[in-house]
Amino acid sequence: QVQLVESGGGLVQPGGSLTLSCTASERASGSYAMAWFRQAPDKERAFVAAIRWSSQYTYYADPVKGRFTISRDNGANTGYLQMNNLRPEDTAVYYCAVTRTVITSTIMSAAAYSSWGPGTRVTVSS
């Protein structure tokens with residue numbers, strides 16, 4: 001299993017920005033994909049964004065389109081989630097996840113990912 005380490009969470013005011021990082025323990029290859037999910041208090045884990053590692057094709061959940069950007073640095077085995085114009089409803093624990101064999105039809109599903117990070121908390125509040 002791939003080991004993942006997330007960083008970059010914290011407290012930010014509404015309208016502010018944060019960048020989350022997720023570093024993997026191995027170099028990506030083949031049909032590798034990284035995704036971010038989030039879980040707010042008393043809610044189920046929800047898809048946020050995903051990136052196909054080789055093509056850098058990206059996918060976003062509707063609530064974050066136009067505000068969040070997912071990217072990756074292949075040499076550093078690290079993925080990023082740039083979050084702009086943050087809202088109180090973005091408050092959650094954010095998890096990164098990876099899969100070595102992504103399928104387009106399931107790329108937004110948590111069940112498609114075999115390795116998960118421990119999560120990093122993001123709080124948007126004034």
Side-chain angles (χ1 to χ4, degrees):
Q1 245 187 351
V2 181
Q3 303 301 311
L4 302 171
V5 178
E6 299 133 334
S7 62
L11 173 64
V12 63
Q13 292 187 343
S17 298
L18 281 175
T19 299
L20 306 182
S21 301
C22 177
T23 300
S25 60
E26 67 177 31
R27 182 170 294 278
S29 62
S31 299
Y32 192 89
M34 178 178 284
W36 291 90
F37 290 78
R38 65 187 182 185
Q39 188 164 17
D42 300 322
K43 292 191 176 180
E44 295 193 354
R45 193 169 296 190
F47 173 78
V48 175
I51 185 167
R52 288 180 174 270
W53 206 260
S54 58
S55 67
Q56 300 189 64
Y57 196 85
T58 57
Y59 305 79
Y60 294 95
D62 286 343
V64 307
K65 281 181 181 176
R67 301 189 296 124
F68 290 12
T69 302
I70 188 170
S71 62
R72 59 78 166 153
D73 180 339
N74 192 42
N77 299 338
T78 298
Y80 304 95
L81 184 68
Q82 172 70 41
M83 305 184 294
N84 297 326
N85 191 19
L86 282 160
R87 305 166 180 169
E89 55 263 39
D90 294 318
T91 295
V93 177
Y94 285 70
Y95 299 90
C96 89
V98 299
T99 177
R100 296 188 178 105
T101 55
V102 67
I103 301 171
T104 301
S105 61
T106 61
I107 199 167
M108 297 184 185
S109 170
Y113 295 85
S114 53
S115 298
W116 290 80
T120 185
R121 185 174 301 275
V122 173
T123 302
V124 185
S125 175
S126 55

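- Side chains of T78 and T23: a donor-acceptor N/O pair is present below 3.5 angstrom, by distance only.
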Walk me through whether L11 and S125 qualify under side-chain contact (heavy atoms from CB on, under 4.5 Å). CA-CA 7 Å; L11 173 64; S125 175; 4.2 Å; yes
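- Residue pairs meeting the ring-ring contact (aromatic ring centres under 6.0 Å, His included) criterion with at least one partner in residues 71-92, sequence neighbours excluded, do not occur; the list is empty.
- With rounding to the nearest 0.5 Å, the separation of CZ in F68 from CG in L20 is 8.0 Å.
- As a member of the Ile/Leu/Val/Met/Phe/Trp/Tyr network built from side-chain separations under 4.5 Å, V93 groups with F37, F47, Y57, Y59, Y95, V102, I107, M108, Y113, W116.
- Across all their heavy atoms, T106 and A112 have their closest contact at O-CB, 3.3 Å.
- Rounding to the nearest 0.5 Å gives a distance of 6.0 Å between CG of L4 and OG of S115.
- No side-chain heavy atom of M34 sits less than 4.5 Å from a side-chain heavy atom of V2.
- Contact between R100 and Q1 at its shortest, heavy atoms only, is NH2-C, 4.2 Å.
- Heavy-atom minimum distance, R38 versus P63: NH2-CB, 4.1 Å.
- Partners of K43 according to the salt bridge (Lys or Arg N to Asp or Glu O under 4.0 Å) rule, which considers only residues two or more places apart in sequence or in another chain, do not exist here.
- Heavy-atom minimum distance, Y60 versus T69: OH-CA, 3.3 Å.
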Test R67 against D90 for side-chain contact (heavy atoms from CB on, under 4.5 Å), laying out the working first. CA-CA 11 Å; R67 301 189 296 124; D90 294 318; 2.7 Å; yes
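- Shown here are the salt bridge (Lys or Arg N to Asp or Glu O under 4.0 Å) partners of R87, two or more places apart in sequence or in another chain: there are none.
- The shortest side-chain heavy-atom distance between M83 and W36 does not fall under the 4.5 Å cut-off.
- No more than 12 heavy atoms of other residues, nucleotides or ligands shown are found within 6.0 angstrom of CD on E44.
- For T19, the side chain to side chain donor-acceptor pair (under 3.5 Å) criterion is met by Q82, not counting sequence neighbours.
- Side chains of S17 and N84: a donor-acceptor N/O pair is present below 3.5 angstrom, by distance only.
- Residues forming a side chain to side chain contact (heavy atoms under 4.5 Å, CB included) with R72 (at least two apart in sequence, or on another chain): I51, W53, Q56, N74.
- Listed for the E6 side chain is a donor-acceptor partner under 3.5 Å among the backbone atoms of C96.
- T91 places a side-chain N or O within donor-acceptor distance of the main-chain N or O of V124, the cut-off being under 3.5 Å.
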